[in-house]
Amino acid sequence: MKFLPVVERELRVAARKSGTFWMRSVMAALVLAGAAVILVFARDQPPRVFGPVLFYVLAGIALVACLVAGAVVTSDCLSEEKREGTLGLLFLTDLKGYDVVAGKLVANSLGSLYGLLAIVPMLGLPLLMGGVAPAEFGRVSLVLLNTLFFSLTAGIVCSSYSRTAREAAVATIALIVLFTALIPALGGLLEWQLRKDDLHEPFLFASPVFSFYSAIDARAKGNVDLFVWSLAAQHGAAWLFLALACYVTPRTWREKALRPTARLAQPVTEGAIAFRTRLLAVNPFYWLAARSRRGPVLVWSALTVLAALWMWGAFEFKRDWFSEGIFVATALALNSFLKIWVAAEACRPLAEERKTGSLELLLTTPLSVRQVIEGHRLALARQFLWPCLLVLLAEFAMMISGMAKMGGDSPATSEPMAVWISLWILGLILFAADLVALHWMGMWMGLASRNPKRAFIKTTARVLVLPWAAFLLFLLVVALGEITFHRSPGGKTFIAVWFVL
């Protein structure tokens with residue numbers, strides 16, 4: 001028997017897919033276009049001053065992409081096989097757990113690896129400008145590769161324990177957040193309580209963000225040991241995840257029947273019965289899509305954690321935290337977070353019902369298409385309506401606070417004030433419009449895609465990524481026109497084009 005036969009087969013299959021090759025070209029083109037826009041607009045800056053800024057911005061975006069790769073790419077690779085009942089067929093052969101896990105890891109992560117390998121040469125552009133040392137470039141590239149491996153293995157170990165796509169994705173995100181933020185926060189809390197210096201350093205080793213921070217040349221000159229230990233800790237954790245997935249997968253693929261005592265020990269509460277009856281009376285598909293009561297609780301819990309982190313920043317940095325840049329960054333982060341979550345939930349119900357074949361059964365009943373669409377909308381509104389309204393209210397308060405900081409009625413502040421108000425008002429409208437678009441596009445892609453993961457990727461690419469790519473192209477054209485004709489449109493023009501796109 002060949003060594004790792006599933007890996008060999010999956011590599012052969014991936015080599016025949018056009019997407020395997022297009023991924024590298026698309027990622028390199030996007031990064032190169034973004035770098036070109038930044039370079040053109042900052043061409044008056046000395047290269048040695050601007051080179052590090054460009055390097056850190058591009059590397060930071062790549063770090064975030066590597067962190068979320070596990071939840072998007074590998075979190076459903078094994079759980080999908082469990083739902084389809086095909087995972088057990090693999091274990092009727094001589095295959096071992098590591099054969100299946102390694103094959104699934106390679107098959108699902110090859111595109112992400114190619115994308116990262118296309119980005120890394122683009123990060124070498126600032127080396128030509130100066131201000132970035134070759135050793136720093138090597139350390140940051142190593143951190144990105146290690147972070148991608150860590151995120152992908154976190155997704156596959158959560159997939160080995162899970163059966164549904166949503167459960168696996170949530171578990172993967174929770175595991176990554178645990179290592180990235182919660183363990184370092186625990187170290188800081190213990191240091192503050194025990195009042196001992198440097199107690200938090202071992203807790204920081206678990207965080208990929210700390211590895212990135214310590215890889216920067218100015219930080220790593222005197223702290224090379226911290227960088228090495230941090231990189232080794234995350235790499236060891238990734239191999240531990242992979243070994244755990246190899247051990248768990250052959251033991252969790254079977255459907256476990258509930259014992260009669262277990263059924264009796266977990267009765268459905270009267271509250272749950274009343275809740276589901278109320279949903280069923282409104283719309284049958286509403287009951288099907290929203291019968292789990294945990295959806296809104298998860299959204300409110302996530303917003304509570306984000307609010308606590310924001311309040312910590314306000315407590316730590318005092319007045320410096322209440323600046324226009326922090327307000328804009330907070331709004332972008334909140335909006336992106338909720339939009340991505342809405343996109344995932346908009347794709348899930350119809351995609352899962354279509355994949356399992358139950359959608360065909362639903363359409364043989366008196367349930368109409370209009371009732372399915374209305375039930376889908378009600379389910380999304382139940383989970384996200386009030387959190388989104390709260391976010392809109394918070395962003396409106398940030399707009400008012402920013403106006404108060406600008407202050408004055410002088411001509412010098414009137415134009416920046418108008419741009420500020422236009423940016424926020426159009427941003428709030430755009431947030432609501434994106435949510436509506438994600439609802440409809442999610443339903444469409446859920447019916448037109450093979451699984452919820454593909455539906456999610458197609459939805460976010462069309463509604464969230466494509467407009468920003470078009471706006472990036474517009475910025476590049478404007479920058480080149482400014483070089484040629486020495487004229488540039490005003491801030492309101494940029495905001496209007498961004499809103500229209």
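Numbering of residues begins at 1 and proceeds along the displayed sequence. Values reported hereafter were calculated over all heavy atoms of this structure, with side chains retained and with hydrogens, waters and symmetry mates removed.
A distance of 8.5 Å separates CE of Met27 from CG of Leu116, quoted to the nearest 0.5 Å. With rounding to the nearest 0.5 Å, the separation of CG in Leu472 from CH2 in Trp468 is 9.5 Å. Within the model, atoms CG of Asp76 and CD1 of Ile156 stand 11.5 Å from one another, a figure rounded to the nearest 0.5 Å.
The side chain to side chain contact (heavy atoms under 4.5 Å, CB included) with Val177 is formed by just one residue from the set Thr172, Leu182, Val305; it is Leu182.
Side-chain contact between Pro250 and Lys96 is absent, with no heavy-atom pair separated by less than 4.5 Å. Asn335 has its side chain out of reach of Asp434: every pair of non-hydrogen atoms, C-beta onward, lies at least 4.5 Å apart.
The backbone N or O of Leu152 sits less than 3.5 Å from a side-chain atom of Thr74, completing a donor-acceptor pair.
More than 12 non-hydrogen atoms from other residues, nucleotides or ligands lie less than 6.0 angstrom from CZ of Phe337. The neighbour count for Tyr114 OH, taken as heavy atoms of other residues, nucleotides or ligands under 6.0 Å away, does not exceed 12.
Using a cut-off of 4.0 Å between Lys/Arg side-chain N and Asp/Glu carboxylate O, Glu136 and Arg139 are scored as not salt-bridged. Comment: Lys453 does not engage Glu80 in a salt bridge, judged by the lack of any side-chain N to carboxylate O separation of less than 4.0 angstrom.
Shown here for Ser159 and Ala168, the closest heavy-atom pair between the two residues is CA-CB, 4.3 Å.
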Output a table of donor-acceptor pairs, distance under 3.5 Å, between side-chain atoms of residues 231-246 and any protein atom two or more places apart or on a different chain; print 'none' if there are none.
residue : atom : partner : partner atom : Å
Gln234  : OE1  : Ser211  : OG           : 3.2
Gln234  : NE2  : Phe205  : O            : 3.0
Gln234  : NE2  : Ser207  : O            : 2.8
Gln234  : NE2  : Ser211  : OG           : 2.6
Gln234  : NE2  : Ser230  : O            : 3.2
Gln234  : NE2  : Ser230  : OG           : 2.9
His235  : ND1  : Asn146  : OD1          : 2.9
His235  : NE2  : Trp239  : NE1          : 2.9

